[in-house]
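Heads up: numbering here begins at 1 and tracks the sequence.
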Amino acid sequence: MKRITLPARPDWLDKARAVGFGFHVMYGEPYWLDDAAYTFTLDEIEMQIEGPSQELHDMCMDMVGDIVRSEETLDRLAIPEDLRDVVQRSWQRRDRHLYGRFDLAYDGTGPAKLLEYNADTPTSVFETAYFQFNWLTDQVALGVLPKEADQYNSLQESLVEAFEQFSKEPIFHFAAMTDNEEDRGTTVYLMDCAVQAGHRVELLDIREIGIDAQGRYTDLQDRVIDRCFKLYPWEFMLREPFARQLVRSGDVFIEPAWKSVLSNKGLLPLLWQRHPNHPNLLASYFADDPAASTLTDYVRKPLLSREGENVTIFRDGRELISAPGDYGDEGFIVQAYAPLFESDGGFAVLGSWIVGDRACGLAVREDRSRITANLSRFVPHVIVG
C-alpha cells in the first residue's frame with residue numbers, strides 16, 4: 001500500500017459536472033482528489049481486504065438473529081422498546097438488503113482491523129462505483145497508468161444485480177433530503193442502478209412522505225409507497241413522530257429495519273465477545289464493562305454517531321484528540337486503538353463495500369485528523385502488481 005501523486009485529468013472538473021458530481025467540493029474544501037491515488041498489490045486486495053471483508057460480513061450476518069431475539073442486547077444497542085417488533089419482524093421476514101461498507105484500518109503491514117460497519121446509509125457509493133472507475137480508465141488511456149492497471153471495483157455491477165432481485169411490479173421510490181447535494185447525488189445514482197435493473201423509479205424528498213387513511217406511506221401524488229429506498233438512517237427513523245406507522249409498513253423500506261443493529265457501534269463489542277482475538281477485530285467493550293479499563297490506547301465512540309462526531313482517541317490513558325458533536329446520549333463503546341495509514345496526505349481509512357452479501361469494492365478516504373470526519377477527502381485507488 002502506497003500513496004502516490006500523478007497528473008490530474010485535464011478535464012476532470014467538466015466530467016464531474018456532466019455526471020452531477022457537484023459535491024466534489026464540500027464545506028469549501030476539495031473532496032475528490034484527481035491527482036493522487038493509493039496503490040495496492042493484487043495479493044493485498046485479495047488476502048488483506050476482500051477475503052477478510054467477506055468473513056467479517058458473514059460473521060455479522062450470523063449474529064443478527066441472536067441480537068434481535070435478545071431484549072438485553074437490544075437494550076444495549078438503545079433500540080427503542082416500542083419499535084423493536086419492527087426490527088424483529090424485518091429479520092424474521094428476511095427482508096432483502098442492498099449494501100454495507102466496512103471501515104478498516106490497514107497500513108500495509110498487518111491484518112486489516114474493523115473500525116465500524118456502515119450497514120445502513122451509502123456514503124461514497126457513487127464516488128467508489130462510478131467516478132473512480134472512470135478515473136482509472138481515463139488515466140490508463142492517457143498513459144499515466146500502465147495498461148495492466150486494475151481496480152478492486154465491481155460495485156456498480158453488483159448493485160444492478162442486487163436491484164434485479166426486487167419485484168419490478170411496484171414503483172421503486174427513492175427518498176432523501178434532496179436539498180443536500182451529496183445525498184441527492186448519491187440517491188440519483190442508485191436510482192440509475194435500479195433503472196438499469198428494470199425498475200420504474202420516483203425521487204421524492206423524505207419530508208414529503210405522507211400517510212393515508214389506512215396508515216400506508218404515500219407520495220405527493222397520493223400513490224401508496226410499496227418499495228422505498230431511503231437515504232436516512234434508522235436511528236433517526238425509529239425516533240420520528242411517524243415511526244409508529246412503521247409497525248404496519250412491512251418490508252417497504254430499504255435498507256431494512258434489521259440493519260439498525262449492524263449499523264450500531266454496539267455491534268463491535270458483540271463481535272469481540274463472540275470472536276475474541278480474531279485477527280481482523282479490535283478489542284471492544286461497552287463503556288460500562290469493567291474490561292474496558294484494561295485498554296490504555298483506545299477510542300471511545302457513541303453507539304450512534306456520524307462523520308466522527310463525539311469520537312475521542314486516548315493514548316496511554318490520556319485524551320489525544322476529540323471531535324465535537326451531538327451524539328452520546330444512548331451510550332458509548334470503547335475500542336482498542338489501531339493506527340491508520342499515514343502519509344503527507346493525512347490519515348487513510350479503507351472503505352470495503354459489501355453488496356448482496358458479497359465483498360465487491362474499495363473506497364479510500366483520508367483526513368488531516370486521525371478522526372475521519374466531514375472534511376475527509378476521497379482518493380481513488382489502483383492495483384498495480
Side-chain angles (χ1 to χ4, degrees), residues 40 42-70 73-74 76-77 79 87-88 90-106 110-125 128-129 152-166 234 251 254-285 333 335-336 338 349-363:
F40 299 85
L42 181 60
D43 183 69
E44 275 185 304
I45 292 293
E46 291 181 342
M47 302 302 295
Q48 302 298 335
I49 301 170
E50 182 180 18
S53 296
Q54 187 65 58
E55 184 176 356
L56 287 168
H57 176 70
D58 294 343
M59 288 159 54
C60 290
M61 293 296 290
D62 182 59
M63 293 193 65
V64 178
D66 290 341
I67 294 173
V68 302
R69 285 190 292 268
S70 169
T73 305
L74 293 173
R76 276 293 201 181
L77 301 185
I79 303 297
V87 177
Q88 292 162 338
S90 174
W91 177 250
Q92 291 164 0
R93 290 191 303 263
R94 295 298 192 271
D95 288 351
R96 192 177 298 280
H97 69 116
L98 279 175
Y99 54 69
R101 192 194 76 241
F102 289 112
D103 279 354
L104 304 175
Y106 178 68
K113 300 292 187 179
L114 174 63
L115 300 176
E116 61 186 59
Y117 195 10
N118 300 277
D120 188 7
T121 54
T123 302
S124 81
V125 68
T128 306
Y152 173 38
N153 195 358
S154 60
L155 184 49
Q156 179 160 304
E157 307 95 287
S158 299
L159 284 166
V160 173
E161 181 182 328
F163 276 117
E164 287 174 347
Q165 307 308 307
F166 291 93
W234 272 107
D251 62 349
I254 300 163
E255 290 295 277
W258 60 262
K259 275 296 193 75
S260 62
V261 305
L262 295 186
S263 61
N264 188 302
K265 306 299 189 300
L267 173 70
L268 300 169
L270 297 177
L271 281 171
W272 182 252
Q273 183 178 35
R274 181 167 292 191
H275 303 278
N277 301 312
H278 188 284
N280 300 115
L281 295 178
L282 294 163
S284 301
Y285 308 97
I333 64 104
Q335 180 185 54
V349 169
L350 306 191
S352 184
W353 281 92
I354 305 289
V355 172
D357 296 311
R358 183 177 67 218
C360 61
L362 177 65

Peer 1: Determine yes or no for a side-chain-to-main-chain donor-acceptor pair under 3.5 angstrom, with Trp234 supplying the side chain and Pro256 the backbone.
Peer 2: yes
Peer 1: Can any side-chain N or O of Lys265 pair as donor or acceptor with the backbone N or O of Leu77 at less than 3.5 Å?
Peer 2: no
Peer 1: Quick one: side chain to side chain contact (heavy atoms under 4.5 Å, CB included) partners of Ala129, sequence neighbours excluded?
Peer 2: Leu155, Gln156, Tyr189
Peer 1: Among residues two or more places apart or on two chains, list those pairs meeting salt bridge (Lys or Arg N to Asp or Glu O under 4.0 Å) that have a residue in residues 43-62.
Peer 2: Asp62-Arg274
Peer 1: Measure across Thr128 and Leu362 and return the closest heavy-atom pair with its distance rounded to 0.1 Å.
Peer 2: CG2-O, 3.4 Å
Peer 1: Which heavy-atom pair separates Gly266 from Ile333 by the least distance, and what is that distance?
Peer 2: CA-CG2, 4.1 Å
Peer 1: Indicate yes or no for a side-chain donor-acceptor contact from Arg101 to the backbone of Thr123 under 3.5 Å, with no hydrogens or angles considered.
Peer 2: yes
Peer 1: Grab the two heavy atoms, one from Leu262 and one from Cys60, that are nearest each other, plus how far apart they are.
Peer 2: CD2-O, 3.9 Å
Peer 1: Let me confirm one number: the OG-CD distance from Ser260 to Glu255, rounded to the nearest 0.5 Å.
Peer 2: 11.0 Å
Peer 1: Using the side chain to side chain contact (heavy atoms under 4.5 Å, CB included) criterion, which residues pair with Gln48? Sequence neighbours excluded.
Peer 2: Tyr106
Peer 1: Quick one, His57 with Phe102, criterion side-chain contact (heavy atoms from CB on, under 4.5 Å). Give me CA distance, side-chain angles, the key distance, then yes/no.
Peer 2: CA-CA 9 Å; His57 176 70; Phe102 289 112; 3.9 Å; yes
Peer 1: What's the verdict on side-chain contact (heavy atoms from CB on, under 4.5 Å) for Tyr117 and Leu56, showing C-alpha distance, side-chain angles and the deciding distance?
Peer 2: CA-CA 9 Å; Tyr117 195 10; Leu56 287 168; over 6 Å; no
Peer 1: Hey, mind stepping through Asp95 and His97 against side-chain contact (heavy atoms from CB on, under 4.5 Å) and telling me if it holds?
Peer 2: CA-CA 7 Å; Asp95 288 351; His97 69 116; over 6 Å; no
